[in-house]
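A short write-up of the structure that comes next.
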Amino acid sequence: MVSVQEAFRIIESVDARIENEEVDILTSRGRVLAESIMADRDFPPFNRVAMDGIAVQASHFKGSGQLFSIEAVQAAGVAPLVLKDPNNGIEVMTGSVLPENTTAVVRYEDIEMKEGWAKILINSVEAGKNIHFQGIDAKHGSELLKSGQKISAAEVALFASVGKKSVRVFNFPITAVISSGDELVEIDEIPEAHQIRKSNIYSLQAAMLEIGWKSDSFHFLDDKEMVKKSLQKLLKSHDILILSGGVSKGKFDFIPEALEELGIRKLFHQVSQRPGKPFWFGTSEDKSKIVFALPGNPVSTFLCFYKYIKPWVMNCFGIKHKPLTAQLTADVNFSPTLTYFLQVRTEIQNGILLAYPNTGGGSGDFANLKGVDGFLELPLEKSEFKTGEVYPYIPFRQ
Ligand code: AMP
Ligand code: MG
């Protein structure tokens with residue numbers, strides 16, 4: 001048995017082979033950038049007017065009440081006009097180029113417009129006022145984004161502004177998600193009294209799709225020879241196997257044995273945690289095949305994905321895990337020498353993330369997860385956890 005910290009470290013030390021692909025920028029959100037994005041021109045590309053108003057030469061401003069005759073109107077999308085007389089002004093629109101021979105923009109709010117004239121209502125007009133200078137945000141040729149950047153709508157705006165319709169993103173490794181157990185039937189079947197519908201592969205695949213991770217799904221019956229044959233096939237076609245079920249101490253829990261017989265070396269079996277204690281993890285000798293064999297209890301499978309597998313795959317893309325924390329709102333006692341992943345509902349109050357325990361019926365009670373936002377990680381060394389204490393938090397809702 002290993003501790004939660006050891007299990008995390010062992011998993012993190014194994015790297016998946018990661019390829020990349022070109023995708024349309026609109027479908028790139030949530031993926032991880034696999035190229036660097038350079039500025040193809042200055043940002044902004046010209047001295048940009050930042051407010052609607054009039055452009056003047058600041059050095060010709062004498063004081064409040066001064067009148068500037070308006071020579072012309074500079075609209076956005078039009079090449080720069082030239083101010084002929086420095087005692088005059090040009091009416092300018094946000095997003096337009098700053099007219100030549102002008103050095104400041106006075107907002108409409110700070111002037112009174114009359115027929116062909118503007119009267120300044122403020123006491124000072126400094127050079128540079130309300131101008132977004134060329135190249136101030138980024139210089140032509142500079143790196144705007146690095147490979148390994150998680151893509152949000154903000155990055156999509158940058159792709160578009162440098163003229164990229166598609167970008168290179170990392171691919172997720174080729175992955176099979178496998179449920180196991182004779183008691184499980186398909187979701188469109190009516191289960192007999194002794195049967196249940198499979199839910200784990202669906203929750204797993206849905207959790208994976210949240211980050212764009214596609215996978216194939218399979219099911220194994222509790223028959224060792226069949227399990228071994230199917231595993232052998234899947235170890236050829238897929239690089240990552242995520243199994244759910246069949247790793248505990250039951251008579252029909254053949255998965256660890258079958259994997260080891262196929263040359264997948266165990267890196268750990270059993271983690272001192274609840275839920276998810278029977279978790280098994282191993283790789284092929286050359287580490288090209290990576291197997292996560294999770295306990296079948298729905299909450300265990302769920303927790304293990306968010307605690308271990310999601311941070312692991314992000315780490316493979318070069319994104320370091322940034323743990324969150326939340327504050328307990330009630331005393332909790334838990335005496336077994338295990339790390340306890342407490343189901344909690346969370347709420348932000350005065351900028352602090354508060355965790356309200358909502359334990360439900362244990363690791364088989366996945367219906368309880370509907371009232372839960374994540375897990376609070378209560379360390380194994382302690383058995384009494386007090387209101388106000390802060391612990392690592394693993395969210396599963398965004
Ligand atoms: P196991 O880890 O195979 O001993 O399974 C533990 C418990 O989880 C049993 O009650 C199983 O019926 C249940 N279980 C296993 N796999 C699934 C699944 N794919 N969907 C729903 N429940 C499952
Ligand atoms: Mg089973």
Next item on the list: Test ring pair (Phe, Tyr, Trp, His ring centres under 6.0 Å) on Phe268 and Phe279 and set out the steps.
Entry: CA-CA 8 Å; Phe268 64 74; Phe279 184 8; 5.1 Å; yes

Using a strict cut-off of less than 4.0 Å between a Lys/Arg side-chain nitrogen and an Asp/Glu carboxylate oxygen, indicate whether [X] and [Y] qualify as a salt bridge.
| X | Y | value |
| --- | --- | --- |
| Lys382 | Glu389 | yes |
| Glu257 | Lys228 | no |
| Glu35 | Lys164 | yes |
| Lys224 | Glu261 | yes |

Next item on the list: Show your working on side chain to side chain donor-acceptor pair (under 3.5 Å) between Ser166 and Glu22 and close with a plain yes or no.
Entry: CA-CA 6 Å; Ser166 61; Glu22 189 91 9; 2.8 Å; yes

Using a cut-off of 6.0 Å, state whether more than 12 heavy atoms not belonging to [X] lie near its atom [atom1].
| X | atom1 | result |
| --- | --- | --- |
| Arg197 | CZ | yes |
| Lys198 | NZ | yes |
| Lys289 | NZ | yes |
| Asp286 | CG | yes |
| Lys386 | NZ | yes |

Is a side-chain donor-acceptor pair under 3.5 Å present for [Y] with [X]?
| X | Y | answer |
| --- | --- | --- |
| Asp42 | Gln134 | yes |
| Thr94 | Asp52 | yes |
| Gln57 | Asn101 | no |
| His132 | Asp137 | yes |
| His140 | Asp40 | no |

Output yes when a side-chain donor or acceptor of [X] lies under 3.5 Å from a complementary backbone atom of [Y], and no otherwise.
| X | Y | answer |
| --- | --- | --- |
| Thr387 | Asp331 | yes |
| Arg29 | Glu155 | no |
| Gln205 | Tyr202 | no |
| Ser248 | Pro278 | no |
| Asp182 | Leu221 | no |
| Ser96 | Val92 | no |
| Gln74 | Val78 | yes |
| Asn297 | Val299 | no |
| Ser152 | Ala154 | yes |
| Thr329 | Ala355 | yes |

Check: Taking only residues two or more places apart in sequence or in another chain, which ones pass side-chain contact (heavy atoms from CB on, under 4.5 Å) with Ala127?
Finding: Ala58, Thr103

Rounded to the nearest 0.5 Å, what separation is found between the [atom1] atom of [X] and the [atom2] atom of [Y]?
| X | Y | atom1 | atom2 | value |
| --- | --- | --- | --- | --- |
| His194 | Glu192 | NE2 | CD | 5.0 Å |
| Ile37 | Leu144 | CD1 | CG | 8.0 Å |
| Glu19 | Asp239 | CD | CG | 8.5 Å |
| Lys139 | Met38 | NZ | CE | 15.0 Å |
| Lys370 | Asp373 | NZ | CG | 13.0 Å |
| Ile240 | Cys316 | CD1 | SG | 7.0 Å |

Which ILVMFWY residues can you reach from [X] by hopping between side chains whose heavy atoms are under 4.5 Å apart?
| X | result |
| --- | --- |
| Tyr356 | Ile352, Leu354 |
| Tyr108 | Ile54, Val56, Phe61, Phe68, Ile70, Val73, Met93, Val106, Ile111, Met113, Ile120, Ile122, Val125 |
| Ile255 | Ile178, Phe218, Phe220, Val227, Leu231, Leu234, Leu235, Leu241, Leu243, Val247, Leu259, Leu262, Ile264, Trp280, Val291 |

Would a hydrophobic clustering, with Ile, Leu, Val, Met, Phe, Trp and Tyr connected at side-chain separations under 4.5 Å, put [X] with [Y]?
| X | Y | result |
| --- | --- | --- |
| Phe366 | Val185 | no |
| Tyr306 | Val344 | no |
| Val162 | Phe46 | no |
| Ile174 | Ile242 | no |
| Tyr393 | Phe341 | no |

Item checked: Check against side chain to side chain contact (heavy atoms under 4.5 Å, CB included), Val177 and Phe292 -> CA-CA 10 Å; Val177 171; Phe292 298 89; over 6 Å; no

Check: For Arg168 and Asn20, what are the C-alpha separation, side-chain angles and deciding distance, and is it a side chain to side chain donor-acceptor pair (under 3.5 Å)?
Finding: CA-CA 6 Å; Arg168 228 153 240 288; Asn20 56 62; 2.6 Å; yes

Next item on the list: For the pair Phe317 and Phe170, name the ring-plane relationship: parallel under 30°, tilted 30 to 60°, perpendicular over 60°.
Entry: parallel

Item checked: Qualifying salt bridge (Lys or Arg N to Asp or Glu O under 4.0 Å) pairs with a residue from residues 65-80, counting only residues at least two apart or across chains -> none

Next item on the list: Would you sort out whether Glu126 and Ser124 count as a side chain to side chain donor-acceptor pair (under 3.5 Å), showing the intermediate values?
Entry: CA-CA 6 Å; Glu126 303 109 37; Ser124 72; 2.9 Å; yes

Item checked: Verdict with reasoning, Gln273 to Val2, per side chain to side chain contact (heavy atoms under 4.5 Å, CB included) -> CA-CA 9 Å; Gln273 63 179 12; Val2 295; over 6 Å; no

Notebook entry, point to check: Do the non-hydrogen side-chain atoms of Arg274 and Pro336 ever get within less than 4.5 Å of each other?
Noted result: yes

Next item on the list: Pick out which of Tyr391, Phe334, Tyr340 makes a ring-ring contact (aromatic ring centres under 6.0 Å, His included) with Phe385.
Entry: Tyr391

Next item on the list: Determine, stepwise, if the pair Thr301 / Ser244 fulfils side chain to side chain donor-acceptor pair (under 3.5 Å).
Entry: CA-CA 7 Å; Thr301 293; Ser244 160; 3.2 Å; yes

Item checked: Steps toward side chain to side chain contact (heavy atoms under 4.5 Å, CB included) verdict (Leu98, Val105) -> CA-CA 9 Å; Leu98 185 74; Val105 172; 3.8 Å; yes

Atom pairs and distances, side-chain donor-acceptor, residues 5-15, under 3.5 Å, sequence neighbours left out:
{"unit_1": "Glu6", "atom_1": "OE1", "unit_2": "Ser3", "atom_2": "N", "d": "2.9"}
{"unit_1": "Glu6", "atom_1": "OE1", "unit_2": "Ser3", "atom_2": "OG", "d": "3.1"}
{"unit_1": "Ser13", "atom_1": "OG", "unit_2": "Ile10", "atom_2": "O", "d": "2.7"}

